[in-house]
Amino acid sequence: MRGLYAITPDIEDTGQLYEMVQQALSGGVSWLQYRNKKADEQLLRAQILKIHPLCKQFHVPLIINDYVDLASQLAADGLHVGATDVPLVIARRSLDQKIIGVSCYNQLECAITAEQAGADYVAFGAFYPSITKTDAQRAPIHLLEAAKKVLHVPVVAIGGINLDNATSLIAHGCDAIAVSQALFSAQDIQATAQRFSALFH
Ligand SMILES: Cc1ncc(COP(=O)(O)OP(=O)(O)O)c(N)n1
Ligand SMILES: Cc1nc(C(=O)O)sc1CCOP(=O)(O)O
Ligand SMILES: [Mg+2]
């Protein structure tokens, strides 16, 4: 796991979401997380079904945020869970061979526990102020170096990441950067994805 981890914004128009995801995948995304905090179940299902074939076309794993049942029923490649979501060990019962990522915010102990419980990656953040998640806890950048010394699973950085501050996170050891607003609000999503991905070359 190394590179750009794109996180979809809350968009109601499924056609528009499809176009944006296609541009991002064309630019070079390593993983895509479908995240929508406003959609009802009908829209969640419709949007997952719409973008999943695109992810398959580009050989990019599709990770579903929060919803273990949807991830399982729609045969997504994985799930991401945080502190207020289903516990990893419960989710694993439905997603035995799938990717499960766990949010650990600014808590290294959480990541150690998550790795021991079978997490496939852990995420720390927010490293910078996030427009997408304004109430996110902040994490210090040196947490990445401490985490890489003790963890074996990939370490993902998230929160307010853009083309100006991403390099510092990569230099501190994160394996992937999770980006939403700086990618999907860009004038040219494809070119922006290319620029984020090139930071790992
Ligand atoms: C890669 C990644 N890292 C962190 C999160 C945040 O998850 P969570 O704390 O459960 O908050 P919501 O995203 O569900 O609002 C994430 N989704 N992805
Ligand atoms: C979904 C999420 N989780 C965070 C955390 O700190 O756990 S920050 C965040 C928002 C990420 O979007 P953007 O790249 O627009 O800041
Ligand atoms: Mg969540």
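Counting starts at 1 for both ligands and their atoms, in listed order. Index from 1, following the sequence.
- Annotation: Thr132 places an N or O atom under 3.5 Å from an N or O atom of ligand 2; distance criterion only.
- The atoms of ligand 1 that sit less than 4.0 Å from any heavy atom of Tyr105 are 8 (P), 9 (O).
- When each atom of ligand 1 is checked for a heavy atom of Ile158 under 4.0 Å away, the hits are 2 (C), 3 (N), 4 (C), 18 (N).
- In terms of protein heavy atoms, atom 14 (O) of ligand 2 is closest to Ser180 N, 2.9 Å.
- At least one N or O atom of Arg35, backbone or side chain, sits closer than 3.5 Å to an N or O atom of ligand 1.
- Distance check, rounded to the nearest 0.5 Å: CG of Leu143 to SG of Cys104 gives 9.0 Å.
- Residue Asp66 approaches the Mg ion (ligand 3) most closely through its N/O/S atom OD1.
- For the residues Thr132, Asp85, Ile177, the heavy atom positioned nearest atom 10 (O) of ligand 1 is part of Asp85.
- Looking from atom 18 (N) of ligand 1 to the surrounding protein, the closest heavy atom is Gln33 NE2, 3.0 Å.
- Heavy-atom proximity to Lys37, at under 4.0 Å, picks out these atoms of ligand 1: 12 (P), 14 (O), 15 (O).
- Annotation: Gln181 places an N or O atom under 3.5 Å from an N or O atom of ligand 2; distance criterion only.
- With respect to Arg35 and Asp66, no salt bridge is recorded, no charged nitrogen being found less than 4.0 Å from a carboxylate O.
- The 12-atom threshold is exceeded at NE2 of His201, counting heavy atoms of other residues, nucleotides or ligands nearer than 6.0 Å.
- Counted by atom type alone, Tyr121 and His80 present one or more donor-acceptor pairs between their side chains at under 3.5 Å.
- Ionic pairing of Asp120 and Arg92 is present here: one or more N-O contacts between side-chain nitrogen and carboxylate oxygen are shorter than 4.0 angstrom.
- For atom 8 (P) of ligand 1, the nearest protein heavy atom (residue, atom name, distance) is Lys133 NZ, 3.6 Å.
- Considering both main-chain and side-chain atoms, Tyr121 never comes within under 3.5 Å of ligand 1 through any nitrogen or oxygen pair.
- Atoms of ligand 2 lying under 4.0 Å from at least one heavy atom of Gly159, given by number and element, are 8 (S), 16 (O).
- One distance of note links SG of Cys174 with CE of Met1; it measures 10.5 Å at 0.5 Å rounding.
- Nearest to atom 7 (O) of ligand 1 among the protein's heavy atoms is Ser103 OG, 3.0 Å.
- Residue Tyr5 approaches ligand 1 through these ligand atoms, each under 4.0 Å from one of its heavy atoms: 1 (C).
- A heavy-atom distance below 4.5 Å is not found between the side chains of Ser180 and Thr8.
- Within 6.0 Å of the CD atom in Gln16, the count of heavy atoms belonging to other residues, nucleotides or ligands exceeds 12.
- Remark: ligand 2 and Ala126 share an N or O pair separated by less than 3.5 Å (distance only, no angle test).
- The atoms of ligand 2 that sit less than 4.0 Å from any heavy atom of Val179 are 14 (O).
- Here the closest non-hydrogen pair linking Val179 and Ile161 is CG1-O, 3.7 Å.
- Below 4.0 Å from some heavy atom of Ala136 lie the following atoms of ligand 2, by number and element: 6 (O).
- Within ligand 1, the atoms closer than 4.0 Å to a non-hydrogen atom of Ala123 are 3 (N), numbered from 1 in the order shown.
- Interface atoms of ligand 2 facing Tyr105, defined by a heavy-atom separation under 4.0 Å, are 7 (O).
- Between Leu44 and Gln47, the closest side-chain pair of non-hydrogen atoms is not below 4.5 Å.
- Heavy-atom proximity to Lys133, at under 4.0 Å, picks out these atoms of ligand 2: 2 (C), 3 (N), 4 (C), 7 (O), 9 (C), 10 (C).
- The distance criterion of under 3.5 Å between nitrogen or oxygen atoms is met by Ser130 with respect to ligand 2.
- Atoms of ligand 2 lying under 4.0 Å from at least one heavy atom of Gly125, given by number and element, are 6 (O).
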